[in-house]
Amino acid sequence: MRTATDHAATALAILATILVVAPLIAIFFYLVYKGASSLNLAFFTQIPKPEGEVGGGMANAIIGSAVILAIASVIGIPIGIGGGIYLAEYGRGTKLANAVRFTADVLNGVPSIVMGIAAYALVVVPMHHFSAFAGGVALGIMMIPTVTRSTEEMLLMVPHAVREAALGLGVPSWRSVLAITLKTASPGVVTGCMLAFARVAGETAPLLFTALGNQFWSVSLNREIAALPLQIYIYAISPYDDQHRLAWAASLVLIVLIVLSVALVRYVAGRGVLKGAS
Amino acid sequence: MVPPIPVRENDGAAVEPSTSAGASEIRKFLQSRGNSALADQTFKGLMMLCAFCIFVVVALIVVELILQSQPTLQKFGLPFFFKYNVDPVTKMPLFWDPVNGTFYALPFLYGTLVTSLIALAIAVPLSLGVAIFLTEMCPKFLRGPLAFLTELLAAIPSVVYGLWAVFVLVPLLREHVNPVFMSVFNAPWLVKAFGWTHLFGDDGLFGGVNLGLGMFAAGVVLAIMILPIIASLTREVMTAVPHSQREAALALGATRWETIRIAVLRNARIGIVGSIILGLGRALGETMAVAMVIGNTPQIQMSLLSTGNSMASVIANEFSEATSDLHRSALIEIGLALFLVTIIVNGLARLLVWAVTRGAPARVN
């Protein structure tokens with residue numbers, strides 16, 4: 001009886017694993033199958049054709065995503081790393097640091113659509129129009145907590161002796177933090193930033209009413225701009241088969257970018273996060 | 001790297017070189033390398049400012065959401081979330097009619113709740129199974145790839161899940177899965193025996209028209225999306241259970257399943273509950289995939305096959321097309337409610353997970 005239960009439990013666990021892995025494989029299969037057949041040069045070089053016409057590409061959306069993500073990184077990464085440095089180097093064990101840590105974790109769980117509304121209220125309302133900048137702000141805010149927590153984790157892994165050695169040599173503490181601690185932990189910090197980047201790269205909801213999307217060329221920060229995830233959404237719910245085709249292709253491109261960065265992160269992390277220390 | 005400095009400062013007096021002007025020269029040398037209390041204080045202040053930014057962001061979100069939802073807060077007040085009008089012609093409840101200025105959010109609360117519950121009902125047992133398999137049973141060579149796969153599942157953007165759901169999952173549910181549920185739930189003897197519960201038959205959980213789109217489809221997509229989160233956190237918590245616990249159970253003659261039940265699950269239960277709540281928090285706020293398959297109708301129906309709308313998806317669908325201030329502010333108030341709910345749910349979950357892993361950071365992604 002007991003061995004029977006044991007076998008049943010094992011079987012159930014294996015079954016659960018198969019059931020979880022199955023949709024993943026199905027998703028990847030469909031992405032590659034539908035996406036690869038729709039990818040061509042036009043996808044990367046042309047802008048969308050008017051509705052109902054066959055062909056066209058997503059060059060403007062690719063550039064638009066790059067612009068928005070660049071703004072997001074400029075906002076999110078420095079603030080995030082700064083916050084992480086504070087938590088790891090100055091705030092250890094203080095109540096303030098615990099509050100920051102908790103707030104960051106909670107902020108991490110705030111739905112992305114709420115971030116979109118916040119950016120709408122903060123940027124779009126005062127400026128009276130949608131803009132690439134507003135989209136960047138929304139994504140940048142979302143990057144801050146992730147970067148802060150991962151930077152802190154990585155800095156905490158730097159052995160204390162390294163800091164003491166630097167201070168003992170008369171290096172000022174701010175320089176010791178930047179040139180010794182942060183540098184030692186830099187591979188880990190970079191991976192953290194890339195994870196945050198990959199996470200916001202696929203976000204659609206915060207862009208819906210900040211960047212809005214655009215069917216034409218635009219790189220102006222002050223105007224509506226297209227983005228890959230937005231374009232996938234618009235095309236997925238459109239009635240035209242050719243637009244569905246483009247949506248699959250765009251999804252494949254997006255997924256390849258994200259999977260590549262996640263795989264790279266795992267590779268770097270597996271190689272030993274701290275090259276100088278430990 | 002900073003080149004080694006040949007001197008050491010010792011209570012302001014130099015050890016070497018021992019010239020009379022040594023002390024001031026050393027001070028000058030150190031200052032030339034930026035060694036001043038001012039620089040240190042400035043740097044520390046800057047870093048602290050960055051940390052404070054997180055508080056500022058949360059404060060700004062709250063303030064802006066409250067400010068922007070003032071029109072509805074003042075016009076409808078708290079009944080915004082539970083009242084409704086009655087349509088004069090059809091005598092049906094009327095919740096949400098932007099054209100005539102009726103804004104009551106009940107159907108969206110209902111949609112969010114139902115889809116999240118469906119998601120949890122599917123995802124919790126599966127992710128527990130995966131976590132148990134990965135920590136306790138899995139051969140070593142499979143562990144890495146499987147963990148990587150579940151991590152990848154977490155990295156897929158919501159909109160891609162939505163695209164897949166629209167073109168693959170919804171047809172699959174419509175053709176093959178829903179008919180099975182419908183034939184079970186609408187079996188005549190069940191309807192006869194339990195029809196009074198309103199769970200079976202035409203007005204039951206699987207009654208009505210089988211469109212494929214609807215709350216059930218949204219729940220299934222959500223389940224697939226929150227699986228990796230619950231699974232990876234549960235795995236973390238289970239790994240944190242000390243090995244001595246398992247060994248003790250095994251030494252007493254327990255089978256592997258008994259060991260898992262007695263030693264692992266019981267010790268990790270608080271953390272597991274925490275990770276489930278964290279998954280719930282994610283499901284509550286998930287937007288794009290739900291918006292693409294839920295069908296977007298502001299109604300409350302018993303049938304899971306009927307179309308509906310969730311709090312997040314109504315914002316995504318209507319915000320950029322909202323023409324009146326009242327409409328927009330009603331959507332923002334829904335956002336405010338969503339924000340508060342997810343903050344409470346996430347805070348609770350973090351506290352639980354922290355309690356188990358003792359402050360070790362629990363990563364979602």
Side-chain angles (χ1 to χ4, degrees), chain A residues 2-3 5-6 9-10 12-14 16-17 19-21 23-24 27 30 79 82-83 85-86 90 100 103-107 109-111 113-114 117-118 121-122 141 144 149 153 169-175 179 195 199 202 204-205 208-209 229 232-233 236-237 247 251 254-255 258-259 262, chain B residues 2 4-5 9 30 34-35 39-40 43-44 46-48 50-51 53-55 57-58 60-61 64 68 126 129-130 132-133 137 149 152-153 155 157-160 162-164 166 168 224 227 255-257 281 285 287-288 292 312 315-316 319-320 332 335 338-339 342-343 346-347 350 361 365:
Chain A
R2 290 172 58 211
T3 40
T5 320
D6 186 46
T10 311
L12 278 178
I14 294 175
T17 311
L19 277 176
V20 171
V21 175
L24 177 78
I27 291 174
Y30 270 95
I79 296 180
I85 290 177
Y86 172 76
Y90 298 109
V100 171
T103 315
D105 279 351
V106 169
L107 190 62
V110 171
I113 188 104
V114 174
I117 299 181
L122 285 172
I141 293 176
I144 294 175
R149 296 291 274 129
E153 251 174 73
L169 287 170
V171 180
S173 84
W174 67 273
R175 260 192 98 158
L195 273 182
R199 194 186 143 201
T204 317
L208 282 172
F209 28 85
I232 296 173
Y233 173 60
I237 57 175
S251 298
L254 195 60
I255 282 286
I258 291 172
V259 167
V262 173
Chain B
V2 175
I5 300 169
E9 198 176 24
L30 288 174
N35 198 350
D40 277 345
F43 183 71
K44 186 180 172 183
L46 265 177
M47 298 301 111
M48 215 164 171
C50 290
C53 271
I54 294 174
F55 293 132
V57 164
V58 173
L60 275 179
I61 294 177
E64 285 291 347
Q68 299 283 332
L126 285 182
V130 173
I132 289 175
F133 182 74
M137 302 170 175
L149 272 178
L152 274 187
L153 212 50
S158 167
V159 71
V160 175
L163 180 74
W164 178 78
V166 168
V168 182
I224 297 174
L227 258 170
T255 62
R256 184 159 61 178
W257 164 243
T287 313
M288 297 317 295
M292 288 159 89
I315 303 174
F319 198 91
S320 53
I332 294 180
L338 192 59
F339 176 75
T342 46
I343 285 238
N346 275 305
R350 291 287 174 198
N365 286 316

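Below, read A as the first sequence line, B as the second, and so on, with proteins coming before strands; counting in each chain starts at 1. Remember, it's a predicted structure, so these values are computed and weren't measured experimentally.
- Residue A:Leu208 holds its CG atom at 8.5 Å from OG1 of B:Thr287, rounded to the nearest 0.5 Å.
- Partner of B:Phe133 under the side chain to side chain contact (heavy atoms under 4.5 Å, CB included) criterion, chosen from A:Leu12, A:Thr10, A:Ile14: A:Ile14.
- Proximity to chain B is limited to the side chain of A:Ile144, based on heavy atoms less than 4.5 angstrom apart.
- For the pair B:Cys50 and A:Gly83, the tightest heavy-atom approach, listed with the atom from each and the gap, is CB-N, 3.3 Å.
- Between chain B and the residues A:Ala9, A:Ala104, A:Ala247, the most heavy-atom pairs under 4.5 angstrom are made by A:Ala9.
- When side chains are defined from C-beta on, A:Ile237 does not count as touching B:Val166, because their heavy atoms never get closer than 4.5 Å.
- Nearest heavy-atom pair across A:Ala13 and B:Gly129 is CB-O, 3.7 Å.
- With sequence neighbours excluded, the residues forming a side chain to side chain contact (heavy atoms under 4.5 Å, CB included) with A:Ile141 are A:Met115, A:Val137, B:Val57, listed by chain and number.
- Both the backbone and the side chain of A:Tyr233 come within contact range of chain B, judged by heavy atoms closer than 4.5 Å.
- Across B:Ser320, B:Ala51, B:Cys53, the residue that shares the most heavy-atom pairs under 4.5 angstrom with chain A is B:Ala51.
- Most heavy-atom pairs under 4.5 Å with chain B, from the set A:Leu254, A:Thr3, A:Leu122: that is A:Leu122.
- Using a 4.5 Å cut-off between heavy atoms, B:Ile315 touches chain A through backbone and side chain atoms alike.
- Ranked by heavy-atom pairs under 4.5 Å with chain A, the first of B:Val130, B:Asn346, B:Leu163 is B:Leu163.
- In terms of heavy-atom pairs under 4.5 Å with chain B, the best-connected choice from A:Ile117, A:Val110, A:Val259, A:Ile113 is A:Ile113.
- In terms of heavy-atom proximity, B:Thr342 sits nearest to A:Pro111 at OG1-CD, 3.3 Å.
- Inter-residue side-chain proximity for B:Val160 and A:Pro229 is flagged as unmet; no heavy-atom pair is nearer than 4.5 Å.
- Contacts of A:Val100 with chain B are made by both backbone and side-chain atoms, with heavy-atom separations under 4.5 Å.
- Taking both residues in full, the closest heavy atoms of A:Val114 and B:Phe339 are given as CG1-CD1, 3.7 Å, listed atom of the first, atom of the second, then distance.
- For A:Leu19, the part lying near chain B is the side chain, with the backbone staying farther off; criterion is any non-hydrogen pair under 4.5 Å.
- With contacts defined as side-chain heavy-atom distances shorter than 4.5 Å, the pair A:Leu107/B:Ile61 qualifies.
- Qualifying ring-ring contact (aromatic ring centres under 6.0 Å, His included) partners for A:Phe209, counting only residues two or more places apart in sequence or in other chains: B:Phe319.
- How far CD1 of A:Ile85 is from CE of B:Met48: 14.5 Å, rounded to the nearest 0.5 Å.
- Only the side chain of A:Ile255 comes within less than 4.5 Å of a heavy atom in chain B; its backbone stays farther off.
- Of the atoms belonging to B:Ile343, heavy atoms from both backbone and side chain fall under 4.5 Å from chain A.
- The contact between A:Ile258 and chain B is made entirely by side chain atoms (from C-beta outward), counting heavy-atom distances below 4.5 Å.
- For B:Thr255, the parts sitting under 4.5 Å from any heavy atom of chain A are the backbone and the side chain alike.
- Rounding to the nearest 0.5 angstrom, the gap separating the CH2 atom in B:Trp164 from the OG atom in A:Ser251 is 13.0 Å.
- Applying the 6.0 Å contact sphere to OH of A:Tyr90 captures more than 12 heavy atoms from other residues, nucleotides or ligands.
- Contact annotation for B:Leu60: only side-chain heavy atoms (C-beta onward) come within less than 4.5 Å of a heavy atom of chain A.
- Interface residue B:Met137: only side-chain heavy atoms are found under 4.5 Å from chain A.
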